[in-house]
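Please read all numbers here as calculations on a predicted model, not as lab measurements. Labels below follow one simple rule: chain letters A, B, ... track the order of the sequence lines, proteins then strands, and each chain is numbered from 1.
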Amino acid sequence: MKVLVCITHVPDTTSKISFTEGDTKFDSTGVQYIIGPYDDYALARAVELKDSNGAVVTVLNVGGAETEPTIRKALAIGADDAVRVNADPIDSLFVAQQIAHVAKDGGFDLILMGRESIDYNGGQVHAMVGELLGIPSISPVMKLDIDSTKASMSREIEGGKEFLEAEMPFVAGCQEPIAEWKIPNMRGIMTARTKPLNVVEPVSEEAAITYGAYEMPPAKSGVKMADSVDQLVDMLKNDAKVL
Amino acid sequence: MSILVVIDSAGGTIKKASREAVSYASQIGGDVIALSLGDTPESELASLGKNGASKVIAVAGGFNSIQETATAVAEVMNSASTEVLVLAQSAKASAVGGRVAVKLGGAMASNVVSLPDTSNGFVVKTSIFSGKAFASVTLNKDKKVLVVNKNTVEIKEDGADASVEAGAVNIPDSDKNITVTGQEKASGDVLLTDADIVVSGGRGLKGPENWGMIEDLAKALGAATGCSKPVSDMDWRPHSEHVGQTGIKVAPTLYIAVGISGAIQHLAGVNSSKNIVVINTDEDAPFFKAADYGIVGDAFEVVPKLTEAIKAL
Ligand SMILES: Cc1cc2nc3c(=O)[nH]c(=O)nc-3n(C[C@H](O)[C@H](O)[C@H](O)COP(=O)(O)OP(=O)(O)OC[C@H]3O[C@@H](n4cnc5c(N)ncnc54)[C@H](O)[C@@H]3O)c2cc1C
Ligand SMILES: Nc1ncnc2c1ncn2[C@@H]1O[C@H](COP(=O)(O)O)[C@@H](O)[C@H]1O
């Protein structure tokens with residue numbers, strides 16, 4: 001079984017977000033980059049499928065050379081090889097087209113992604129890839145078990161959970177508790193250096209959307225502190241007008 | 001401009017987020033058509049006219065998968081010649097939108113928090129980095145898909161009822177490739193993702209046995225209950241209640257955080273709330289900086305008192 005895991009290279013969740021060049025560019029000064037947390041769940045489940053189902057796991061990132069340390073970390077966690085599509089991820093459709101292009105000839109049984117990236121939070125690349133390849137896209141997937149060619153899953157729906165089955169291949173956007181995040185061990189870190197990381201050039205596609213200026217949310221006007229429960233209730237009733 | 005809005009309902013009642021989406025579309029200007037996939041009663045659908053829809057197309061039947069839903073929506077967009085699709089943010093909205101955008105060769109923006117500015121192209125403001133910043137985005141295609149965040153506009157309530165007509169779509173068998181084998185309802189009376197008021201508890205509550213007071217407060221307010229990630233990791237509460245960057249993102253009118261420190265990953269799930277109240281023993285808890293109202297105190301004293309005071313209102 002061949003599994004493709006698509007990972008993003010994103011600022012650590014605790015990073016301070018700021019912009020430069022007249023608020024037109026993300027300021028990466030001093031920012032620590034990580035594998036997207038949801039992509040990390042997808043990767044963890046894929047690595048478990050190596051043991052349970054003999055899966056071979058390829059990780060894929062669409063990004064510049066600066067993402068390679070993040071890709072190596074995924075290899076250290078347990079992926080077998082990696083592909084980097086050498087292009088800036090300019091918009092979701094562009095990224096989806098690159099992923100679909102790699103996937104088309106790769107013979108993958110399963111394409112795992114995060115439910116959403118934590119930089120642009122689109123929650124749409126998995127669906128776009130599914131549509132481009134003409135296969136199902138299922139998200140947010142919270143449990144995934146494979147039995148020969150069939151998968152059983154549970155996914156979050158409004159107001160609860162749904163249990164479903166699908167034949168491979170399909171795309172899944174993953175979230176917890178699908179698996180526990182894994183940290184690389186020493187052996188993983190050593191072998192990651194020698195695992196193949198293939199750099200391929202993008203297929204040419206135009207972006208459907210363009211980003212203009214960025215801005216920060218307005219600062220909160222300051223918290224109003226209550227000295228007693230009665231005062232708090234009064235504030236909620238007469239100031240916030242929510243009771 | 002003609003705009004299609006897809007409506008979600010639960011138990012025959014249209015969701016608030018869908019009424020917001022129709023109100024949003026009506027403020028863009030142009031003809032607003034609502035699309036209902038499922039079995040919502042006609043009188044309920046007609047009331048979408050009050051929110052600004054000129055017409056409701058009702059397609060009966062179950063559309064379970066993202067793929068079937070997207071096929072149905074794209075078909076109606078084509079047959080009704082609509083240019084813009086508006087979806088209310090939900091567990092599947094962006095996925096449905098993504099497939100529709102590919103089918104129609106359109107452009108898509110998620111997490112939209114403003115009406116489009118059409119003075120120079122079609123530009124919307126979107127929330128990025130889990131609410132830590134905004135970007136202005138230009139959609140460069142004729143067909144446009146917008147997934148709109150909750151609380152972006154006020155619900156408009158002044159129109160007349162809309163006409164409801166039955167529609168039909170043709171879903172190819174190749175799209176019917178998922179078998180639903182069961183469903184499980186989340187616990188609690190009020191749905192977290194839709195709730196107008198949310199009461200959340202964190203590690204400060206010390207253990208699952210203390211959740212009774214959170215539930216009592218939620219009940220007095222008609223609120224849903226939520227929790228921080230460690231609380232669900234330790235199985236004090238189900239995963240479906242975990243709020244934050246890696247959990248549910250909520251956008252209620254009132255969010256009450258009890259014994260939660262206010263880590264940035266938790267705040268990422270609550271920063272669209274209109275009013276945030278923090279109850280914490282530690283006056284330096286970071287959550288106070290993100291709050292509108294706060295009280296420094298022990299949850300075990302404050303919460304029962306608050307519940308009593310609210311019941312007495
Ligand atoms: C990649 C990543 C993703 C994450 N995603 C999420 C997420 O989605 N959601 C999330 O919540 N967390 C998330 N976290 C975890 C997050 O960083 C924090 O660890 C977590 O939010 C802390 O939970 P807490 O506030 O309940 O616990 P604590 O940080 O332990 O805070 C407990 C608070 O309770 C107060 N307290 C103690 N006793 C009382 C009392 N008697 N009465 C009142 N107050 C009291 C304390 O003063 C303290 O402020 C994530 C972390 C990572 C690394
Ligand atoms: N540049 C990228 N390279 C590889 N995978 C990506 C990239 N961007 C997004 N993805 C995948 O698509 C998922 C959803 O992303 P998004 O639609 O941006 O929220 C992510 O969790 C990743 O698995």
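- Rounding to the nearest 0.5 Å places NE2 of B/His239 at 9.0 Å from NZ of A/Lys161.
- Contacts between A/Lys237 and chain B at a heavy-atom distance below 4.5 Å involve the side chain alone, from C-beta outward.
- A/Thr13 and B/Gln265 are linked by a side-chain donor-acceptor pair at a separation below 3.5 angstrom, with hydrogens and angles left out of the test.
- B/Asn140 contributes atom CG, which lies 9.0 Å from atom CG of A/Asp91 (distance to the nearest 0.5 angstrom).
- A salt bridge links B/Lys141 with A/Glu206; the closest basic N to acidic carboxylate O contact falls under 4.0 Å.
- Closest heavy-atom contact between B/Ile128 and A/Phe19: CD1-CZ, 4.4 Å.
- A donor-acceptor contact closer than 3.5 angstrom links the side chains of B/His242 and A/Glu176.
- Ion pair B/Lys249/A/Glu116 flagged as a salt bridge, since at least one NZ, NE, NH1 or NH2 atom sits closer than 4.0 Å to an Asp/Glu carboxylate oxygen.
- Residues of residues 117-125 of chain A placed with any heavy atom under 4.5 Å of a heavy atom in chain B are listed by number as A/Ile118, A/Asp119, A/Tyr120, A/Asn121, A/Gly122, A/Gly123, A/Gln124.
- Distance CD1/B/Ile295 to CG/A/Asp227: 7.5 Å, rounded to 0.5 Å.
- Looking at B/Lys229, the atoms closer than 4.5 Å to chain A (heavy atoms on both sides) all sit in the side chain, from C-beta outward.
- With values rounded to the nearest 0.5 angstrom, A/Arg155 atom CZ is found 5.5 Å from B/Ile66 atom CD1.
- A/Glu215 has its side chain within reach of B/Lys125: a pair of non-hydrogen atoms, C-beta onward, lies under 4.5 Å apart.
- At a 4.5 Å heavy-atom cutoff, the contact between B/Val296 and chain A is made by backbone and side-chain atoms alike.
- Within residues 29-39 of chain A, the residues having any heavy atom closer than 4.5 Å to a heavy atom of chain B are A/Pro37, A/Tyr38, listed by residue number.
- Residues satisfying the side chain to side chain donor-acceptor pair (under 3.5 Å) test with B/Gln89, not counting sequence neighbours, are B/Asn111, B/Asn149.
- Remark: A/Asp239 pairs with A/Lys224, B/Tyr293 by the side chain to side chain contact (heavy atoms under 4.5 Å, CB included) rule, at least two apart or across chains.
- Within the 4.5 Å cutoff, no side-chain heavy atoms of B/Val137 are placed close to those of A/Thr210.
- Heavy atoms of B/Ile178 lying under 4.5 Å from chain A belong to its backbone as well as its side chain.
- Proximity of B/Val278 to A/Val223: side-chain heavy atoms (C-beta onward) are nowhere separated by under 4.5 Å.
- Contact of B/Asn275 with chain A is made through the side chain alone, with heavy-atom distances under 4.5 Å.
- With a 4.5 angstrom heavy-atom cutoff, B/Thr193 touches chain A only via side-chain atoms.
- Side-chain atoms of A/Glu158 come within 3.5 Å of backbone atoms of B/Ala91 as a donor-acceptor pair (strictly under, hydrogens ignored).
- Residues A/Pro217 and B/Phe134 meet the side-chain proximity criterion, which asks for heavy atoms closer than 4.5 Å.
- Heavy-atom distances place the side chain of B/Ile248, and not its backbone, under 4.5 Å from chain A.
- Contact annotation for B/Asp196: neither backbone nor side-chain heavy atoms come within less than 4.5 Å of a heavy atom of chain A.
- Here A/Ile209 contributes atom CD1 and B/Met108 contributes atom CE; the two are 9.0 Å apart, rounded to the nearest 0.5 Å.
- B/Lys92 is not listed as a side-chain neighbour of A/Ser139, based on a closest heavy-atom distance of 4.5 Å or more.
- Contacts of B/Lys15 with chain A are made by side-chain atoms alone, with heavy-atom separations under 4.5 Å and no backbone atom involved.
- Looking at A/Glu180, neither its backbone nor its side chain comes within 4.5 Å of chain B, counting heavy atoms on both sides.
- Atom CG of B/Asn64 and atom CG of A/Leu164 lie 8.5 Å apart (nearest 0.5 Å).
- Between A/Phe163 and B/Glu184 there is a side-chain heavy-atom pair separated by less than 4.5 Å.
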